[in-house]
Amino acid sequence: MSKRALILVEGHPRANGLLFVQAAQRLGLHPITLSADPAQYDYIAAERLEAIRVDTDDLDVLIRECSRLRDTYDIAGITSATESFYATVGKLCRHFDLPGPNPASIERCCDKFIQRQLLAEAGVPIPAFRLAADATDVEGSAAEIGLPVIVKPAVGSGSRGVRLCRNVDELAEHTIYLLSGKHVWRSSPRILIEEFVQGPQFNLEVMANEVIGIAAADYGPPHFVCRGHMYPASLTDEECKRIADVSLSCLRALGLGWGPANIELRWTKRGPVVIEVNPRLAGSPVPQLVQLAYGVDLITEHIKLVIGDEWNLRKRHSHTAAARYLIPDWDGTLDWIDGGSSAISGVAEVKFYVEPKTPIVRKGDYRDLIGYVVASSPNLAHTEAILQHAVDLIDWSITPFPTVEEQEQHVAPRVAAPAQVAPGKR
């Protein structure tokens, strides 16, 4: 009898890659990762997982590789932990007659300009927006909307290339960055200019047409790198209903409704305004937070859907769960990072992405995170106290890179900067 395999198109070095593999194994599946560079995922070698080097940007090549694998394995399903390959996954699933997302809907959703158009046509409340192809377009669009504005690539994820521009100088600076070749474009340069909508932010995790949880989220300008999540958000029943109704209307407008979605919105003077719809699961540690708060394992249930098994989204309990993300204040060489203990009652996980002697070069996106702390308890105030206590135990030290003048003068190495600390310690 052939071994049942789950095909994973690419993985993720930080987010959900390993979690997908572990969930597949718990379900009795043999995970096989198809990747242009399997070595970028440390967990593949560490867990001795099967991986095949293949051009994942070429659909025909992927079809041939999956066809070859079918000679050895019973392919139970195909999926990915990476948004940029989710439309490809949908096409593979259709080719092999497997459950999967609608690739056309995924492609429309991943183009933020098209997403905005579809949401606007459906009457979903969204920020004012314009599309620009060059600096003149950007300047004109910002003038029409009114500063401050958010400027970002029309296609992309993880806050890459996103910036709040408060004045014309910042607008010009960021436009030059996007168009000068410093930003890596996945397609021809298309820039989205949006109204800066203000108000507390909430993120939703949705499976099919069911809202699983609503989190209070903390995103720091100007690049909007996430600094923390808290489940559940402190909202009234009426506010939860309004947020859920708006979110489900997004899925209808975008032709989504199969599998996971992550929806970001802000509560403004006019109620919930949708910032972005992502046709995927949010990255780690959000799935862990949802499981701690509600007892729902989003990744496992998603894989069940992928392989055609019956899933169960029933909430098993109601706790609070929160994460704080660790972000450095400057560039340099990491001397050391220490502290934070999962042995503290209520601390579910302490994760560091970096090791001593790692160069820290901030990019203004999710790659700036050097770790996170997750805590949970039955009570919101208690969870916040546990999380703060764990964060307070974490220290790190970064020695700034030598300046050009110091390099030219061959100055002795600088003394290590005072230890930086997690955001919550200030």
Side-chain angles (χ1 to χ4, degrees), residues 4-12 15-33 43 74-83 85-87 89-90 92-93 98-103 105-106 109 203-215 229 231-233 240 243-244 247-248 250-251 254-264 277-321 323 348-349 374 376:
R4 296 183 80 206
L6 178 70
I7 304 300
L8 297 167
V9 181
E10 294 294 348
H12 201 292
N16 297 335
L18 178 58
L19 297 179
F20 267 80
V21 166
Q22 292 171 335
Q25 291 173 330
R26 287 194 299 269
L27 291 170
L29 302 170
H30 176 67
I32 303 173
T33 300
Y43 58 85
D74 170 17
I75 297 181
I78 303 173
T79 190
S80 178
T82 304
E83 178 182 300
F85 290 95
Y86 212 54
V89 162
L92 287 171
C93 290
L98 294 167
N102 182 334
S105 296
I106 299 299
C109 189
N203 290 3
L204 286 81
E205 298 309 309
V206 181
M207 290 290 277
N209 290 305
E210 184 169 343
V211 175
I212 306 301
I214 304 175
H229 283 102
Y231 284 90
C240 285
I243 287 174
S247 299
L248 294 178
C250 289
L251 302 186
L254 298 172
L256 302 176
W258 187 96
N262 166 254
I263 301 172
E264 303 175 8
V277 179
N278 303 296
R280 54 162 171 80
L281 287 172
S284 179
V286 169
Q288 297 97 305
L289 291 170
V290 170
Q291 188 163 11
L292 289 167
Y294 308 109
V296 179
D297 184 340
L298 290 177
I299 293 177
T300 296
E301 300 307 324
H302 171 55
I303 293 176
K304 287 181 184 178
L305 179 65
V306 166
I307 64 177
D309 283 2
E310 184 177 350
W311 65 357
N312 183 2
L313 300 177
R314 181 178 60 83
K315 296 178 182 179
R316 293 165 177 80
H317 57 246
S318 180
H319 287 181
T320 62
E349 186 179 9
V374 172
S376 179

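The structure presented is a predicted model; accordingly, all values stated were derived computationally and were not measured.
Looking only at distances, no side-chain donor or acceptor of Glu264 sits under 3.5 Å from a matching main-chain atom of Asn203. Listed for the Asn278 side chain is no donor-acceptor partner under 3.5 Å among the backbone atoms of Arg280. Not a single donor-acceptor pair under 3.5 Å links the side chain of Ser80 to the backbone N or O of Leu8. At least one donor-acceptor pair under 3.5 Å links the side chain of Asn16 to the backbone N or O of Ser284. The main-chain N or O of Tyr231 is never found under 3.5 Å from a side-chain atom of Thr320 such that the two would form a donor-acceptor pair.
Here the side chains of Ile243 and Ile263 are not in contact, with every heavy-atom distance at 4.5 Å or above. Proximity of Pro31 to Gln25: side-chain heavy atoms (C-beta onward) are separated by under 4.5 Å at one or more points. Using a 4.5 Å heavy-atom cutoff, the side chains of Glu210 and Met207 are not in contact. By the 4.5 Å heavy-atom criterion applied to side chains, Val286 and Leu281 are not counted as neighbours. When side chains are defined from C-beta on, His30 does not count as touching Leu6, because their heavy atoms never get closer than 4.5 Å. Side-chain atoms of Gln291 and Leu298, non-hydrogen and from C-beta on, never get closer than 4.5 Å to each other.
Between Pro99 and Cys93, the shortest heavy-atom distance links the atoms O-SG, 3.3 Å. Closest approach of Pro101 and Tyr86 over heavy atoms only: CG-CE2, 3.8 Å. Here the shortest heavy-atom pairing between Val374 and Ala323 reads CG2-CB, 4.0 Å. Heavy-atom minimum distance, Leu313 versus Glu301: CD2-CB, 4.0 Å. Ala87 approaches Pro103 most closely through the heavy-atom pair O-CB, 3.5 Å. Taking each heavy atom of Lys304 and Leu27 in turn, the nearest pair found is CE-CD2, 4.1 Å.
If you take CD on Gln22 and OH on Tyr43, they are separated by 10.0 Å, rounding to the nearest 0.5 Å. Interatomic distance, CG of Leu289 versus OH of Tyr294, reported as 10.0 Å (0.5 Å rounding). Atom OG1 of residue Thr300 and atom CG of residue Asp309 lie 11.5 Å apart, to the nearest 0.5 angstrom. Put simply, CZ on Arg26 and CG on Asp297 are 5.5 Å apart, with the number rounded to the nearest 0.5 Å. Taken from CD1 in Ile106 to CG in Leu256, the straight-line distance is 5.5 Å, to the nearest 0.5 Å. Here the straight-line distance linking atom OG1 of Thr33 with atom CD of Glu10 works out to 8.5 Å at 0.5 Å rounding.
In this structure Phe20 satisfies the ring-ring contact (aromatic ring centres under 6.0 Å, His included) test together with His302, sequence neighbours excluded.
The side-chain contact (heavy atoms from CB on, under 4.5 Å) test with Leu98 singles out one residue from Val89, Ile307, Val306, Ile78, and that residue is Ile78. If you run side-chain contact (heavy atoms from CB on, under 4.5 Å) between Leu204 and each of Val277, Ile214, Ile212, Leu248, only Ile214 comes through.
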